[in-house]
J.: 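Sharing a structure here in structure tokens format.
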Amino acid sequence: SQQGEEDPQALSIQEGENATMNCSYKTSINNLQWYRQNSGRGLVHLILIRSNEREKHSGRLRVTLDTSKKSSSLLITASRAADTASYFCATPRGGNNDMRFGAGTRLTVKP
Amino acid sequence: GAVVSQHPSRVICKSGTSVKIECRSLDFQATTMFWYRQFPKQSLMLMATSNEGSKATYEQGVEKDKFLINHASLTLSTLTVTSAHPEDSSFYICSARGFWSPNTEAFFGQGTRLTVV
């Protein structure tokens with residue numbers, strides 16, 4: 001079963017606008033990770049936020065984590081057409097630490 | 001970061017044949033490798049976990065006789081889709097972890113697009 005749910009499922013914005021994607025999860029976590037996937041391609045790791053962190057930045061990306069609400073958000077500022085992709089949150093599970101993925105948000109940035 | 005290489009990136013096979021997909025950790029020893037499957041416009045679903053030198057652990061609903069996993073060395077795991085059928089057409093991605101802390105990013109291969117005709 002999916003660990004997390006993401007919303008929105010799809011998001012379409014104009015270049016230069018900000019994009020916000022949300023993720024919720026069900027169990028306690030050590031960290032939460034965000035990945036990008038271009039159509040038909042592999043995963044690109046974007047950012048990892050640990051359970052004792054509340055916010056993290058990387059370039060145009062800002063991730064927040066609220067462990068009390070079991071939710072995270074990914075903000076992409078000043079979006080570009082090249083940001084068009086699917087974005088997934090994922091959390092490690094169990095002793096083997098396999099990654100459990102959310103349903104993903106398909107972001108389209110129109111030039 | 002660590003590099004995971006997956007091969008082939010694309011494969012088309014005839015129904016009833018078998019296909020082998022390789023996943024290699026290039027610059028670290030992978031104690032654990034994971035295989036995921038992704039159907040179009042859906043998320044990644046874990047199929048199985050393999051630890052070097054032991055049998056793979058399959059997720060519920062994944063047929064172990066159909067998806068053979070071998071993790072014979074610390075740098076190589078293979079997934080063989082046996083007697084492939086069109087419904088096996090999917091995107092398969094591997095991931096690998098080493099001895100380091102689990103509280104770090106996971107490393108993924110580039111994925112394999114399997115089309116069964």
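We name chains A, B, ... by the order of the sequence lines, and we start the count at 1 in each one.
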J.: Could you check whether atom CZ of B:R10 has more than 12 heavy atoms from other residues, nucleotides or ligands sitting under 6.0 Å from it?
T.: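 No.
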
J.: Can you tell me if B:S43 uses its side chain to pair, donor with acceptor, with the backbone of A:G104 under 3.5 Å?
T.: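 No; zero donor-acceptor contacts below 3.5 Å.
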
J.: Measure the spacing between OG1 of B:T32 and CG of A:D98 and express it to the nearest 0.5 Å.
T.: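 Spacing of OG1 (B:T32) from CG (A:D98) equals 10.0 Å.
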
J.: Calculate, to the nearest 0.5 Å, the distance between atoms OG and CD belonging to A:S86 and B:Q42 respectively.
T.: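 With rounding to 0.5 Å, OG (A:S86) is 12.0 Å from CD (B:Q42).
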
J.: Flag the pair B:F108 / A:F101 as yes when their ring centroid distance falls below 6.0 Å, and as no otherwise.
T.: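 Centroid separation for B:F108 and A:F101: below 6.0 Å.
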
J.: Less than 4.5 Å to any heavy atom of chain A: does that hold for the side chain of B:Q60, its backbone, both, or neither?
T.: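 For B:Q60, there is no contact with chain A at all, as no heavy atom is under 4.5 Å.
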
J.: Distance check, rounded to the nearest 0.5 Å: A:Q9 atom CD versus B:K41 atom NZ?
T.: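 Atom-to-atom, A:Q9:CD and B:K41:NZ are 11.5 Å apart.
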
J.: Hey, could you give me the CZ/CD1 distance between A:R41 and B:I93, rounded to the nearest 0.5 Å?
T.: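 Nearest 0.5 Å value for the CZ-CD1 distance: 11.5 Å.
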
J.: Measuring from atom CG of B:L46 to atom CZ of A:R93, what distance do you get when rounded to the nearest 0.5 angstrom?
T.: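 B:L46 CG to A:R93 CZ: 6.5 Å, rounded to 0.5 Å.
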
J.: At a heavy-atom separation under 4.5 Å, does B:E59 approach chain A through its side chain, its backbone, both, or neither?
T.: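 When you check distances to chain A, only side chain atoms of B:E59 fall under 4.5 Å.
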
J.: Could you go step by step and tell me if B:Y36 and A:M99 meet the side-chain contact (heavy atoms from CB on, under 4.5 Å) rule?
T.: CA-CA 10 Å; B:Y36 296 83; A:M99 300 304 293; 3.5 Å; yes

J.: Hey, any chance A:V109 and A:L46 share a hydrophobic cluster, counting ILVMFWY side chains that come within less than 4.5 Å of each other, even indirectly?
T.: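 Linked, A:V109 and A:L46 end up in one cluster.
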
J.: At a heavy-atom separation under 4.5 Å, does B:S95 approach chain A through its side chain, its backbone, both, or neither?
T.: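 For B:S95, no heavy atom lies under 4.5 Å from chain A.
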
